[in-house]
There are 4 protein chains.
Amino acid sequence: MSSTFGHLFRITNFGESHGPAIGCVIDGCPPEMELTEADLQHDLNRRKPGTSRHVTQRRESDRVEILSGVFEGRTTGTPIALLIRNEDAKGRDYEDMIDTFRPGHADYTYWRKYALRDPRGGGRSSARMTAPMVAAGAVAKKWLHQKFGTHVRGCMQQLGEIEIPFSSWADVEANAFFVPNRQIVQQLEDYMDALRKSGDSVGARLRVVATGVPVGLGAPLAAKLDADIAHAMMGINAVKGVEMGAGFASVLQKGSEHGDEMLPTGFAANNAGGVLGGISSGQDIEVSIALKPTSSVRVPRRSITRAGEPTIVETHGRHDPCVGIRATPIAEAMLALVLMDHALLHRAQNGDVSHEIPAIAARAATPGNS
Amino acid sequence: MSSTFGHLFRITNFGESHGPAIGCVIDGCPPEMELTEADLQHDLNRRKPGTSRHVTQRRESDRVEILSGVFEGRTTGTPIALLIRNEDAKGRDYEDMIDTFRPGHADYTYWRKYALRDPRGGGRSSARMTAPMVAAGAVAKKWLHQKFGTHVRGCMQQLGEIEIPFSSWADVEANAFFVPNRQIVQQLEDYMDALRKSGDSVGARLRVVATGVPVGLGAPLAAKLDADIAHAMMGINAVKGVEMGAGFASVLQKGSEHGDEMLPTGFAANNAGGVLGGISSGQDIEVSIALKPTSSVRVPRRSITRAGEPTIVETHGRHDPCVGIRATPIAEAMLALVLMDHALLHRAQNGDVSHEIPAIAARAATPGNS
Amino acid sequence: MSSTFGHLFRITNFGESHGPAIGCVIDGCPPEMELTEADLQHDLNRRKPGTSRHVTQRRESDRVEILSGVFEGRTTGTPIALLIRNEDAKGRDYEDMIDTFRPGHADYTYWRKYALRDPRGGGRSSARMTAPMVAAGAVAKKWLHQKFGTHVRGCMQQLGEIEIPFSSWADVEANAFFVPNRQIVQQLEDYMDALRKSGDSVGARLRVVATGVPVGLGAPLAAKLDADIAHAMMGINAVKGVEMGAGFASVLQKGSEHGDEMLPTGFAANNAGGVLGGISSGQDIEVSIALKPTSSVRVPRRSITRAGEPTIVETHGRHDPCVGIRATPIAEAMLALVLMDHALLHRAQNGDVSHEIPAIAARAATPGNS
Amino acid sequence: MSSTFGHLFRITNFGESHGPAIGCVIDGCPPEMELTEADLQHDLNRRKPGTSRHVTQRRESDRVEILSGVFEGRTTGTPIALLIRNEDAKGRDYEDMIDTFRPGHADYTYWRKYALRDPRGGGRSSARMTAPMVAAGAVAKKWLHQKFGTHVRGCMQQLGEIEIPFSSWADVEANAFFVPNRQIVQQLEDYMDALRKSGDSVGARLRVVATGVPVGLGAPLAAKLDADIAHAMMGINAVKGVEMGAGFASVLQKGSEHGDEMLPTGFAANNAGGVLGGISSGQDIEVSIALKPTSSVRVPRRSITRAGEPTIVETHGRHDPCVGIRATPIAEAMLALVLMDHALLHRAQNGDVSHEIPAIAARAATPGNS
């Protein structure tokens, strides 16, 4: 339910933005897999705050401790508990907001649901809660790669009005925006500097791709692979839209155009985004997500007090002016978690199915996936 | 898992397009609610095939039988089993396709996953499997309306390149396309007639709205209301994209624009689509979905045989040239199922929470919701 | 939850004793398994009423119809829906009881929980609801036998004060009591005739055994195999006690006696009942259950009316004077369902684990299992 | 699944006997409940090792840290993570056993399932893993008491051949055996001293009782309250048998004797153990469990090596000679967890059910419950 993600490869998340610690319990991981904290730290470092002036300046090392489930460097098959201590929880930033609500923020809904107002920060609704998911996702990425050769990668496709042409996956790791095009980085830096000065925030669009995904993951009706991917993506903080393959563009397509033709050498295109009838086709999994602008802005906005009186809110404190900038490792992690979960589900039911001919190849239909 | 949808209000779906029957078991329904088959038939009739020349001509009465869980016209709290006999399952339409795969269809992935090729039709991947979900959704709609005054309504927003301006909800029920604008119906008829003649199909975009939703439904992380809505929507046949509120448009928005301001009289806008931090805000739930064009088209397409040899596929038989046309009642049902499930989850955990002031009003920010 | 049993091999049960039909949906069954209605009917016939004068005289053919999930005699991997029409639902037997409660019966608790009083019979609490579980169990038995050579068998060990010495499994199928000793059948017939005349009922103790169970099923803490077996057994109507292996006798044992010694040829005994640390050991799974006497007796008992006034209840109508008599096929089915579910769970997580030496043999430590 | 216990009030357990820490995440707890570490420590102290010479001499303070889910002394409704550091993990005690298996121990099954042999101790199979469950159970006990006035209490009923007559609940807390009779403590001390000298271990029988349980908890078929209690109890380390109410004694009972008569003042007896048809009746919940003797004994036993060769095993190190001695707080905790989970489930579905007359009183039918 609420804090547990997945069916067989299950991540139970805990913690709050300004509490003593955050973390998760990973249940259902196969045994005998080599795993150390270093395997998790790489993606945690990609996500952590303070990596550039364009993200929150909160200082967290996000150093992860494995508390269980690993013995002599290998998974034991029992729960892997991960602990990350919060190091820079400056609660006072938010204290002046305790009696009102930020427009577009979960302040109001948490208070209505739980009768709770944590004056120290976003509490459970903070994007900080994605750190344990990123660590868990690193486990899934490693397992998927070892087992199937799967690669899960993401990048930013659009920042506000700036669309980013794909150049190469290598470029993605060479900048703090995770953009696949190093030529555009300076433009983004300038754009963000101006935005920060204006006290405002902006949205973004990201893409996540998995290559080397086996055919057959997912199941009809309530366990469709794309449905579970949509659940995972829409569950990421600030996400307001999810597309598979051609996505909303498929509204304009004809059937003769949308359906990816099949050749003995592979699929001729990838409008499907790697899923047909809720089951992976062997094509690349292609996901696109929209992230809204951060709701904590310095620009004054109209709101109400807890007593229902009108007021004006300006949010100071340390916030990401574009929450999309740090979201690439998060989206990768969530996709990896879904794929690993479904790989386990698939072999549970269909482990004995064999076929006379191999699956056809996935042909790269999108830039950079070859 | 695969065939069971929901956490507490749970729908277990069964059947195939061309088997003897389809249906579902609804578990977890509160007792003492008045319920008859007539309550379910209305939405089943809205979804059923053969209602116009623009959808499949398969003839199914989709008459539902309640097998259990209702006694003397009231729910008993025990499972409500629903049965719909298939009446017009003409398997031979498909027999010539048994040895190949339709581009864009689940033929291939089912065969890879289950070693199964049902020559009688789409089997479990058929949109016919949504009929039991529509029936179950009618139960949820009725309960939500009695309990909270919730209304769940949907309409078509776009058919291929034709965008449909919103006129009124009343118009929706007055045409076979579920468009909220009766002026545009003739244009759509002509468009579809031409499309059918060309042997092709086209995509569509739908909108689903719930008004009167209580504040507080949903929970952080893995049980976010919008994440579960995305799961439900992406699980509908042919859906390739899901948006909440401003959706992909929020990429271009500034934070000062996106965050819905709060006034003592209610929210000033609805970019959120009714969900903040994964929890309902009391605003209308606003969802938009993209449906791809049907994959079964008469236009010749390249494909492969089961032996991996190249071939050409043309699909004849009875198909919807735009699967989006009949999808409005389906999308409504799926949204209703998610909302009722979360209403039960919410009172399980938070049934004792009380508040000193009432929630602020949801102000209509979208046409027709006032 | 309530009506769905199992984690991956999932049975969703529906129906009431006196409604139009009962049945279930089996989800998660592996594809390509040969399956016909005849495979299910054998165990349904063993369980059905009216097979001797010692059980209820209700006449039900319990003929099962497969509605989905099987194509051309093989499972498809999609849900298998089973339907059994009720044929002899004589509601009037119970009408005089509508305003009071039978001591020891679920009448009272259902009424309190659901505000429901179904005057037609036990409704959802009836042992009739075990028929679909028996049918589903037959699927599990077949799969387990084909996959591992597993046999699941049960027998009666005690009827009231009469303990039944084990003679042979062959004897079990040769009498209506499922006793493993044909010498004792006449004594049981006489005992039951006298009991029936007295208008009373009596308890029973059953044993269920699975041989050929692979090592490794079950998982620590919340998914222990024996815990799930206990859940399944205690969930059978009238069961008040469950034992694994030595059971309550292990209270008196010393550790040096209880722990089953291991020899290169196998385990030297089976106090464990086939489970160590919640995981199957390769020994036979040995379960023993206690069933209470039926609560519907002709002997007058003190009770209250719905208004809380004192009254006297005598139950007439068609009841099993010993519900344990027909429970053997039910207990077998429930054990088979748990084992199959765990076999799927095990290969999901541990499908890649390999070992240098084979498991040691299970040596029969209990009569008749060699 | 494996490490998560419960449906709505969910405990995800992690850790190993000799790893750095153990703990759990409690999900689904209602908000606004006062909670501090002191609330949990009381039961943790009752369970912890080293409290007398009759239990393991391992020294653990079992001090619990709340990492999340509590703000300013009240639950927030979000996950409560609990951490207990292992302080006295002397791995070398076990090193000589790494190549063989203790008869009756999970050594063998863990190795077969996970290809894992943790030479430091029982790892995940250790009774140490019950500490987080005891802490979580303390939360449930507190909530149940505040909400319904429920009391959950346990005691030892039998130690090996010594049956313990019930004297008073007050006596239970006055001795290290949790026996409800202080007269018998010296006899038990002598018995255990002799047993320890002999290098052997022995079984025990415990009783757990909940008073003040509301009517209506539990649901038919797969969510029966007694079935979930049986699951919880059989999942406790070393448990081999579970009884509700009259339990195995009901085999010998007649229906006219077993069914608890109902009077306007309450039930006249409690053979049911508080559950009828899987739903709580308002009678006391009465559970009895059998615990096997500890498998780690100094007495030499026959076993095999990992290579399958015969060998002799003697287990030294720090072990409980009767695991039942410390199990009373564990069994109480597990019962409390099940009851709270079902209380939440019940109000989810049946929160609107109202009745014209109150439930009848539960009359104490067992010593000490009045």
Side-chain angles (χ1 to χ4, degrees), chain C residues 1-3 5 13 103-104 106 109 112-113 115 124-125 158 200-201 203 205 215-216 219-224 226-227 230-231 234-235 240-244 247-248 250-251 253-256 258-259 261-262 264 276-277 279 281 290 292-295 297 299 301-304 308 310 353 357, chain D residues 1-3 5 13 103-104 106 109 112-113 115 124-125 158 200-201 203 205 215-216 219-224 226-227 230-231 234-235 240-244 247-248 250-251 253-256 258-259 261-262 264 276-277 279 281 290 292-295 297 299 301-304 308 310 353 357:
Chain C
M1 303 260 173
S2 176
S3 304
F5 182 89
N13 181 302
T109 52
R112 292 294 312 168
K113 183 178 187 78
R124 188 84 181 135
S125 72
Q158 188 169 349
D200 216 334
S201 62
R205 189 157 55 84
V215 192
L221 274 289
K224 286 184 172 174
D226 42 0
H231 173 266
M234 196 67 95
K240 301 304 286 182
V242 181
E243 294 181 312
M244 296 297 302
F248 278 88
S250 59
V251 173
Q253 289 177 316
K254 295 290 190 303
S256 56
H258 177 90
E261 290 185 307
M262 300 166 83
L276 290 169
I279 298 171
S281 62
K292 69 176 187 182
T294 320
S295 54
V297 292
V299 180
R301 316 282 335 269
R302 291 177 295 170
S303 186
I304 55 169
V353 170
I357 64 155
Chain D
M1 304 262 173
S2 176
S3 304
F5 182 90
N13 181 301
T109 52
R112 292 293 313 168
K113 183 177 188 78
R124 188 81 181 137
S125 73
Q158 188 169 350
D200 215 336
S201 63
R205 190 157 54 87
V215 192
L221 273 291
K224 286 184 171 174
D226 42 0
H231 173 266
M234 195 67 94
K240 301 303 285 182
V242 182
E243 294 180 312
M244 296 298 300
F248 278 88
S250 58
V251 172
Q253 289 177 317
K254 294 291 189 302
S256 56
H258 178 89
E261 291 185 306
M262 300 167 81
L276 290 170
I279 298 171
S281 63
K292 70 175 185 180
T294 319
S295 54
V297 293
V299 180
R301 316 284 334 271
R302 290 178 295 170
S303 185
I304 56 168
V353 170
I357 64 156

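Below, chains carry the letters A, B, ... as their sequence lines are ordered, and counting in each starts from 1. Computed from a prediction, not measured in an experiment: that's the story for all the values here. Below, each value reflects all heavy atoms present in this structure, side chains not excepted, and no hydrogens, waters or symmetry copies.
- Taking 4.5 Å as the limit, every side-chain heavy atom of C:P220 sits out of range of all side-chain heavy atoms of D:S3.
- Within the 4.5 angstrom heavy-atom criterion, only side-chain atoms of D:V299, from C-beta onward, approach chain C.
- We find the CD-CD1 distance between C:E261 and D:I304 to be 12.0 Å, quoted to the nearest 0.5 Å.
- For the pair C:V251 and D:K240, the minimum side-chain heavy-atom distance is 4.5 Å or more.
- Atoms CG and CE, on C:D226 and D:M234 in that order, are 6.0 Å from each other to the nearest 0.5 Å.
- Per-residue counts of heavy-atom pairs under 4.5 Å with chain C were compared for D:A106, D:P310, D:G259; the largest is that of D:G259.
- Note: D:K113 NZ to C:S281 OG = 13.0 Å, rounded to the nearest 0.5 Å.
- Considering only residues two or more places apart in sequence or on other chains, C:S295 meets the side chain to side chain contact (heavy atoms under 4.5 Å, CB included) condition with C:H105.
- Looking only at side-chain heavy atoms (C-beta outward), C:R112 and D:V353 stay at 4.5 Å or farther from each other.
- Separation of atoms NE2 (D:H258) and CG (C:D200) is listed at 12.0 Å; rounding is to 0.5 Å.
- Rounding to the nearest 0.5 angstrom, the gap separating the NZ atom in C:K224 from the NE2 atom in D:H231 is 9.5 Å.
- Interface summary for chain C: among D:G255, D:A230, D:G277, D:G235, the most heavy-atom pairs under 4.5 angstrom belong to D:G255.
- For the side-chain hydrogen bond (donor to acceptor under 3.5 Å, both in side chains) test, residues two or more places apart in sequence or in another chain that qualify with C:Q158 are C:R205.
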